[in-house]
Amino acid sequence: MSFTDVPEIITRVNRSELFVPGSKPEFFKKAVDSKADVICIDLEDAVAPPDKDQAKKNIIEALNEMDFGKKTISIRINGLDTNFCYRDVIDVMENTGDRLDLIMIPKVGVPADVYAIDMLVTQIENKFAKKKKIGFELIVETAMGIVNLDSICTGSKRIESLHFGYADYAASVRMRTTNVGGPNEDYAILTHETPEGRLVHWNDLWHSPISKMATIGRAHGLRIIDGPFGDFSDPDGYNAQGKRTAILGCEGKWAIHPNQVELANNLFTPKTTTIERAKKIITAMQEAEDSHQGAATLDGKLIDAASVRQAQQLITQQELIDSMN
Ligand code: GLV
Ligand code: MG
């Protein structure tokens, strides 16, 4: 390990993050009754401009009156390039108590984007003597967001997590797709000649930015969360995308429809067999250490101190999930 420590930012269970448009208060209760770990009430892209004011009123009313139980509650504000952004923060924070947990900032491009929102939030928290300190979720969804990500993560101590925004990212870098997540038949390679002819192997067109986000975010101790999968009638596609991002280090995924919540919870809860193996690794390495061995063999495979670290982070994730139930 480096002598520089990676700080552990507040850890929350964030396997599923269910989005509800602020303009549809009739869906709020359904979201509360769902198994989502986090509910994000949207003021941004799921709300048409003429409905933004009413959406904000709905959110204020819900935060003051609704019983959200133990759920983590977030709001997605409008981007800093709009005229809605500052009032989203001020109106919601000044007119509600301490129920809001997180603010999601879309389309971050430079550290000052986050710093500016922190300035507003800090003043309001101090003026109103709020007991809870709001955390930030950032959506990484522009070319600038990727290029400046390392410094963006230093923009505020409130940042808890990074989220990948497929649609805006695709638009920003001019990808030739209108899908929100998922594969594309044009992003494929042709194999050499095989007995079945030349095979087409589809690749993951989202791999590079998500992998970057995971590495940079983790260097700052942040949670890494996979974004939306637009085709909510394709659970297999959702699962395939989520499996890939879980392997890359994401610990949760957005649900843009309630039927994606259970899928996300299952995908981002480590498998029983994975945890069993992790525990076996810890035990085997303890035994190895007791007999002055730095490495051991488990089920025919080499394990050493790095395997213990791999195993331990999985067990820690599972313990966090268990602590919520
Ligand atoms: C989410 O905000 C996206 O752009 O996909
Ligand atoms: Mg977006």
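Below, all heavy atoms of this structure are taken into account, side chains as well, without hydrogens, waters or symmetry copies. Atoms within each ligand, like the ligands themselves, are counted from 1 in listed order.
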note = heavy-atom search around atom 5 (O) of ligand 1 in the protein gives A167 N, 2.8 Å
query = For the Mg ion (ligand 2), what is the closest N, O or S atom on D168?
reply = OD2
Below the 3.5 angstrom mark, is there an N/O of [X], backbone or side chain, next to an N/O of ligand 1?
{"X": "Y166", "answer": "yes"}
{"X": "W254", "answer": "no"}
{"X": "V180", "answer": "no"}

query = Closest heavy-atom contact between K52 and V47?
reply = NZ-O, 3.1 Å
Nearest atoms (heavy-atom pairs only) where S16 meets A36 = OG-CA, 3.3 Å
query = Looking only at non-hydrogen atoms, which of R76, M104, E44 approaches atom 2 (O) of ligand 1 most closely?
reply = R76
ask   = Does any non-hydrogen side-chain atom of T191 lie less than 4.5 Å from one of I189?
value = no
ask   = Is T269 close to R15 at the side-chain level, that is, under 4.5 Å between some pair of heavy atoms?
value = yes
message = Tell me whether ligand 1 is touched by P228 - counting only heavy atoms on the residue side and a distance under 4.0 Å.
response = yes
key: Parallel, tilted or perpendicular, as decided by the 30° and 60° cut-offs, for the rings of Y238 and F229   = perpendicular
key: Parallel, tilted or perpendicular: ring planes of W206 versus Y166, cut at 30 and 60 degrees   = perpendicular
ask   = Can an N, O or S atom be found in E141 less than 2.8 Å away from the Mg ion (ligand 2)?
value = yes
